[in-house]
Number of protein chains: 2
Amino acid sequence: MIHNRNKCEKCIDSQNSIFKVLNQREKELLTKHRICTNYKKGEIIFREGDRPSGLICLCEGKVKVFKEGVGGREQIIRMAKPIGFIGYRAMFAGDNYISSALAIEDCEICMIEKEILIKLIKSNSDLALEFINTFAIELGFSNNRTVTLTQKHIRGRLAESLLFLKDTFGYEEDKATIKVYLSREDLANLSNMTTSNAIRTLSSFATEKVLAIDGRRLKILNLKELSKISELG
Amino acid sequence: MIHNRNKCEKCIDSQNSIFKVLNQREKELLTKHRICTNYKKGEIIFREGDRPSGLICLCEGKVKVFKEGVGGREQIIRMAKPIGFIGYRAMFAGDNYISSALAIEDCEICMIEKEILIKLIKSNSDLALEFINTFAIELGFSNNRTVTLTQKHIRGRLAESLLFLKDTFGYEEDKATIKVYLSREDLANLSNMTTSNAIRTLSSFATEKVLAIDGRRLKILNLKELSKISELG
DNA sequence: GTTTGATTATGTTATTTAACACAAATATAA
DNA sequence: TTATATTTGTGTTAAATAACATAATCAAAC
């Protein structure tokens, strides 16, 4: 964790940013009250139980957000990419974090003071509605996940996770390789299965020519079939 | 579904209502733009895929919110009691419903026009923050549920559901009987298990003197033990 | 460059839970 | 009431998946 003097621009200024609804003066206020930090791959950004000290915006890198369940078993709740928020639920609920966040690539984050954020939400109703919309979408995602992870069988769960990763992070230039490189263990923790079963199921997808596997590079060879496996459960 | 002329009072005026932050003029606007409806036990309030036409406030009765999963298998996502909202996620996300709602008791609901609600949120930032807070809490609940339902074993899942029902609906006057009467099938669908297994596990809780069962009346005899079963998974 | 630890891979066994079958009890309707 | 459907209860079997064991491969540290 290293504080950074070259502050990121896009968190606040990008067209994809939720803050696009702010005027110049409001954006400047935001810019003044943030701290930018760098995290190395593998570093923890926050831990379950920690107290949120502000809104965390991910400017660069990729993050996994996970919960420790029964017997320390990890369940990945969410994957974050730039530009996006992490840990915002706890901040808005006034809770401590109920999940942990870990940089799966080198990351750059901005932390925005809670008081300033609340002040801006109070003064700009469009920003409030943007946050409401963000929550509504993530809650829908979470509800879907609950049903998927509990009802689909292993193949369906893994297939769905792969499609989710593809939708979230997109493809490499070859338009087939998923643009994120997770360990088999992370894939398992995303899909609610043991590492062994993730490995086995990946192999069978490769045998069936649905995927091509090269270490952690996963290339989708047959998207239609992968979707079918995901849908059938 | 019967429209009701005696409009409910508490949805808007109660101290538990999210609308407590509104002033009198704002409350009147809300009161003018709502439709109150009665539903009989067993009636569907909305279905997965329907288009939300406003914010639904539950004034009276109890509702289960559920999703149809693989092979039509039902997963109960949420239980609602007065005063509370149902289907608000879809409305705020601008989506169609991704879950269905069914009255498990006779119910009275108010429907508030979306345009009026958005107008109020825009003009009253406290209301906006209240909705943000509501979402943040429900998202936390949903994330917890995902981990619970995937990782805990049958006994742990059922024990947790019973504790959840007790926390949500409270006790009868005997301070032990859970104040909601669900079928074994609903208990199963809440806890991600088959009906047979819900029945069997309930019986074993009764044998262990953790519960006393009288039809659908479930009396908690040993709360500490039930919590332990829930925690151990 | 070697050692050490982590990750990936694969086979076997044990456990959990669903699926199925059917009976009894209860609620609902004719 | 009697008939019919629904819910509850219980036993048996089958399927899915975790747990465990062990080896091979790969990456990182010394």
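The model shown is predicted, which means the values in this text are computed figures rather than measured ones.
- You'll find that the side chain of A:Ser183 is closest to C:dT8, out of D:dT12, D:dT7, C:dT8.
- Heavy atoms of B:Arg157 sit under 4.0 angstrom from primed sugar atoms or phosphate atoms, though from no base atom.
- When the C1' atom of C:dA18 is taken as reference, atom CE of B:Met193 falls 12 Å away, rounded to whole Å.
- B:Ser196 comes within 4.0 angstrom of a nucleotide base, judged by non-hydrogen atoms across all strands.
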Worksheet item: Checking salt bridge (Lys or Arg N to Asp or Glu O under 4.0 Å) for the pair A:Glu74/A:Lys64: CA distance, chi angles, key distance, verdict?
Response: CA-CA 11 Å; A:Glu74 174 178 320; A:Lys64 73 169 175 182; 2.8 Å; yes
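- Counted by atom type alone, B:Asn143 and B:Thr146 present zero donor-acceptor pairs between their side chains at under 3.5 Å.
- Checked against the 6.0 Å centroid criterion, the rings of B:Phe92 and B:Phe85 do not qualify as a close aromatic pair.
- Between the side chains of B:Tyr39 and B:Glu60, not a single donor N or O lies within less than 3.5 Å of an accepting N or O.
- Distance, B:Ile154 CD1 to C:dT15 P: 16 Å, rounded to whole Å.
- Within 4.0 Å (heavy atoms only), B:Asn192 reaches sugar-phosphate atoms of the nucleic acid but no base atom.
- In this structure, A:Leu149 places its CG atom 12 Å from P of D:dT17, rounding to the nearest Å.
- When heavy atoms are screened at a 4.0 angstrom cut-off, B:Ile199 is found touching base atoms of the nucleic acid.
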